[in-house]
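What follows is one structure encoded as structure tokens, with my remarks underneath.
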Amino acid sequence: MAWFQRSQTNIDDTRPREMPDGLWTKCTSCSEVIYKTELESQLYTCKKCNHHFRIGSKEYIEILIDKGTFVETEAHLTSGDPLEFVDTKAYPDRIVDSIKKTSLNDAITTGTGKIGGIEVSFCCMNFNFIGGSMGSVVGEKIYRAAKLALTKKIPLIIISASGGARMQEAPYSLMQMAKTSAILAELGENGIPFISILTDPTTGGVTASFAMLGDINIAEPGALIGFAGPRVIEQTIRKKLPAGFQKAEFLLEHGFLDCIVARYDLKNELTNILQWFKN
Amino acid sequence: MAKVILDFEKPIVELEQKIAEMRELGKQIDISKEISDLELKIDDLRIDIYKNLTRWQRVQLARHPERPITSDYIKNVFTDFVELHGDRKFKDDPAIIGGFAKLNGKSVMLVGHQKGRDTKSNLYRNFGMANPEGYRKAARLFQLAEKFKKPIITLLDTPGAFPGIEAEERGQAEAIASNLMLMSKIKTPIIVVVIGEGASGGAIGIGVGDRILMLENAWYSVISPESCSSILWRSWDYKEQAAEALQLTAEDLKGHKIIDEIVSEPLGGAHNNPTAMYQNLKNVLDKEISKLSKIELSKLIRARRDKFYAMGVWQE
């Protein structure tokens, strides 16, 4: 079947953009029309229904990190093409297009900065870069950020937003699950705290590795979090999934999250938590 | 069970049938020369076919209904198996089995995905697709092995961790993630063998170790060729291309330094001569355990982690 006959939509590229460039935007959950500057001042949440819009590392740094303290690290790392992978598009072309589209080099941004005056090693995934998928670059940047946390003896924070492992680096992507989990084991052995923040959506190999391994697991309200995607589960069991299935609130109820924190409380709550570890 | 013949095995089977017919005929007239010529031809054909298998054909071999599964290896490679059930938290998962076993008289902890042989046993084993309690049972057995200083051997053979409502409710992702972290710090040697299908998180969930071995016709990847085809090509029809693109064979992964060693299979695949397969795996495992047990534990753990840290390809 040729690409122009596709009956299904892409995970990432073709979904309606949540933040168009116009002056007004519509809440994807309750259809409330929100003025753009108002949306920004509400930290990209809907005042009416509390829907949390998907945002990227740029916005999270703005929201969470003390002004002027963020120093990006390893920004130069870009993806290789170890398998010379070609599906409907060659992998290097996919990477180049994504870099152009997002002005990011891969699906994660790392660096150091202060939250409430406390220095942290900070990682934030970008869902708009090939569905936030984890390949070698994501794994290596998390590894280096964790190493930095170890050397500087500062807490590690990772904000996840990902569809899972990146298929185009097949075996390498799978091994990043083991790689990131192993370095987190070293953090634990050295008494360095790891705070995992799960945002919409966090699924697949990312959930099944570092995202679920926080000393503290925090999620944003309504975030989809799971191992298998809802579509795969529906196809497997041939049943409709119950409402709220795999939402942050569902995970909290089943005991996999420490807490759900709304975006406008996140910085305060993180400061609180970091203070607890410090004193 | 009727013999299952894969498409690429048909020319061999046809020749075999021809030889059988000629033998019948040979009872009346002497055609022994013709028969022995044909037999030589079969051998050449076999070597030729199995040397040049496509990646998709290997996937088919890895899924062959007669291919030895974990329980076969338990019976034929190990002795004195004592199955240990349950995760001591929720229930026993029949899709992962484990317990005490001996390899050439040495105690080991054995854990593996368990597929079934027929429809009934496959339903019972959930086709080797584990639930969170399976991974938690494995974790319990790993810790037991560590406590009593016995090496661990895991056998990977799964089409994936089970994607179901209850699996999600009970934390499939958390169970796998915890195992990855646990296995990176367990203070006893771990040998991992991919014996059939190594699909994604469900496989690596018991797949972190000091030595990663893979049978010649097994496959190991982040996703099955079918699912990869359906996601990237938006159709189920590109599984052959997907298998090629994913580079999921033992030879591929040895080249990419994802696995340490390929365990060779008898000509025609493990199912064609299981006895030879068992013997070969037994020899390989015995050597590996002897080697690993000589390494100081702190060095072993360091090397285990460094091995996974080195995995990845990027540009600085």
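Letters A, B, ... are given to chains in the order of the sequence lines, protein chains preceding strands, and every chain is numbered from 1.
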- Message: Counting only non-hydrogen atoms closer than 4.5 Å, does Leu253(B) touch chain A with its backbone (N, CA, C, O), its side chain (CB onward), both, or neither?
- Response: side chain
- Query: To the nearest 0.5 Å, how far apart are CD in Glu186(A) and CE in Met181(B)?
  - Reply: 10.5 Å
- Task: Enter the distance from Cys228(B):SG to Asp87(A):CG here, rounded to the nearest 0.5 Å.
- Result: 7.0 Å
- Query: Measuring from Thr88(A):OG1 to Gln241(B):CD, what's the distance to the nearest 0.5 Å?
  - Reply: 12.0 Å
- Item | Cationic N near anionic O, under 4.0 Å, Arg305(B) to Glu189(A) | yes
- Closest non-hydrogen atom pair between Phe308(B) and Lys179(A), with its separation: O-CD, 3.5 Å
- Query: Tell me, side chain or backbone of Glu234(A) under 4.5 Å from chain B's heavy atoms, or both, or neither?
  - Reply: neither
- Note on the structure: In terms of heavy-atom pairs under 4.5 Å with chain A, the winner among Gln247(B), Gln172(B), Met183(B), His256(B) is His256(B)
- Please look at Pro242(A) and chain B and tell me whether the side chain, the backbone, both or neither of the residue comes under 4.5 angstrom of a heavy atom of that chain. side chain
- Can you name the nearest heavy-atom pair linking Thr207(A) to Ala173(B), along with the distance? CG2-CB, 3.6 Å
- Task: Check whether Leu251(A) gets within reach of chain B through its side chain, its backbone, both or neither, counting any heavy atom under 4.5 Å.
- Result: neither
- Query: By a 4.5 Å heavy-atom criterion (distance strictly below it), what part of Leu246(B) contacts chain A: side chain, backbone, both, or neither?
  - Reply: both
- Message: Please classify the contact of Ala161(B) with chain A as side chain, backbone, both or neither, using a heavy-atom distance under 4.5 Å.
- Response: both
- Note on the structure: So CZ of Phe162(B) and OG1 of Thr236(A): to nearest 0.5 Å the spacing works out to 6.5 Å
- Atom CG in Asn179(B), atom OG in Ser209(A): separation rounded to 0.5 Å? 13.0 Å
- Task: Give the intermediate values and the outcome of side-chain contact (heavy atoms from CB on, under 4.5 Å) for residues Val313(B) and Glu169(A).
- Result: CA-CA 9 Å; Val313(B) 173; Glu169(A) 294 181 38; 5.7 Å; no
- Pairs involving residues 233-261 of chain A, ordered by first then second residue, that meet ring-ring contact (aromatic ring centres under 6.0 Å, His included) (sequence neighbours left out): Phe245(A)-Phe250(A), Phe250(A)-His254(A)
- Message: Would you call the rings of Tyr143(A) and Tyr309(B) parallel, tilted or perpendicular, taking 30° and 60° as the class edges?
- Response: tilted
- Nearest heavy-atom pair of Val222(B) and Ser173(A): which atoms, and what distance? CG2-CB, 4.4 Å
- Task: Among Gly201(B), Ser227(B), Gly171(B), single out the residue with the greatest number of heavy-atom pairs under 4.5 Å to chain A.
- Result: Gly171(B)
- When heavy-atom pairs shorter than 4.5 Å are enumerated against chain B, which of His76(A), Glu140(A), Lys239(A), Gln176(A) gives the highest number? Glu140(A)
- Message: To the nearest 0.5 Å, what is the distance between CD1 on Ile165(B) and CD1 on Ile237(A)?
- Response: 3.5 Å
- Message: Quick check on Arg304(B) against chain A: is it the side chain, the backbone, both or neither that has a heavy atom closer than 4.5 Å?
- Response: neither
